[in-house]
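For reference, the structure discussed in these notes is given below.
Whatever order the structure lists ligands and atoms in, that order sets their numbers, starting from 1. The shown structure was predicted, so the numbers you read here are calculated from the model rather than taken from an experiment.
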Amino acid sequence: MMFIVLEGIDGSGKSTIAKMLADYLGERGKKVYLTEEPTKTWLGEAVRRGIEEEKNPYTQALLFFADRAEHVMEIKRKIEEGYVVISDRYVYSTYAYQGAQLYGILRLEDAIEWFNKVYEPMRLDPDVVILLKIDPARGLGFVNTRDFREKFEREEFLNRVQEIYDLLAQSHGFYVVDSNRQIEKVFEDVVGILNPLMFKNKI
Ligand code: TYD
């Protein structure tokens, strides 16, 4: 029984690593529930629509939290049923992305204070958070954006997101894995972190 979260900017390889990890743990006899945020429910769709329509950062943050409030209940149920839950993104995405969106509107401390308040009643702390860290320009190379200016703006934005992730990694004790490498190497590190935590009784 465990709750594992993977975080990282766009193109950091989270989704691929999450799938590899789910297979790896499944092969080793764990019951695995692989999930993601935004979720695949209509709430997740509402979130995607909010992003597409470029709703203001407050609206977006609240949409992410609405989706998460339901997601947390689902995760709790799965943990109680004995699953290892792997979530591709979780609350730290809101801190990092919406914190970055609010840059210039709210001071980061104030944004974080607000997120903390909204999150507190639904709070469910993961056992492990792994931050996959990739250079934003490199990460964007894996994301299809053709427009040069759009790419440049996205890169600047992702630099801010990454900065907030770094702060969170320090204050929350995330494991940080260098994702500027072949996916197999990245996965090796992820497994190296999780194996001692998950299979310690068997060695
Ligand atoms: P997602 O579909 O997971 O994209 P990716 O495959 O790049 O991870 O997430 C969609 C976008 O939503 C992504 O750019 C990150 C962003 N996001 C937030 O801004 N806040 C959040 O709380 C979450 C969960 C995601």
Check your understanding: For Y92, which residues count as a side chain to side chain donor-acceptor pair (under 3.5 Å) partner, sequence neighbours excluded?
Key -> none
Review point. Counting heavy atoms not belonging to R181, are there more than 12 under 6.0 Å from its CZ?
Key: yes
Check your understanding: Can you name the one residue among L6, V5, I4 that meets side chain to side chain contact (heavy atoms under 4.5 Å, CB included) with V129?
Key -> V5
Revision key, fill the gap. Distance col, row I183:CD1 vs T16:OG1, nearest 0.5 angstrom, shows 5.0 Å
Report each N/O pair between ligand 1 and the protein that falls under 3.5 Å, naming both atoms.
| from | atom 1 | to | atom 2 | distance (Å) |
| --- | --- | --- | --- | --- |
| ligand 1 | 2 (O) | R48 | NH1 | 3.1 |
| ligand 1 | 3 (O) | R89 | NE | 3.3 |
| ligand 1 | 8 (O) | K14 | NZ | 2.9 |
| ligand 1 | 8 (O) | R89 | NE | 2.9 |
| ligand 1 | 8 (O) | R89 | NH2 | 3.0 |
| ligand 1 | 14 (O) | R154 | NH2 | 3.3 |
| ligand 1 | 19 (O) | Q98 | OE1 | 3.4 |
| ligand 1 | 19 (O) | Q98 | NE2 | 3.0 |
| ligand 1 | 20 (N) | Q98 | OE1 | 2.8 |
| ligand 1 | 22 (O) | R68 | NH2 | 3.2 |
| ligand 1 | 22 (O) | T94 | N | 3.1 |
| ligand 1 | 22 (O) | T94 | OG1 | 2.5 |

Review point. So, is the end of the K30 side chain (NZ or CZ) under 6.0 Å from the ring centre of Y24 and within 45° of the ring's axis?
Key: no
Point to revise | Min side-chain heavy-atom separation L106-Y58 under 4.5 Å | key: yes
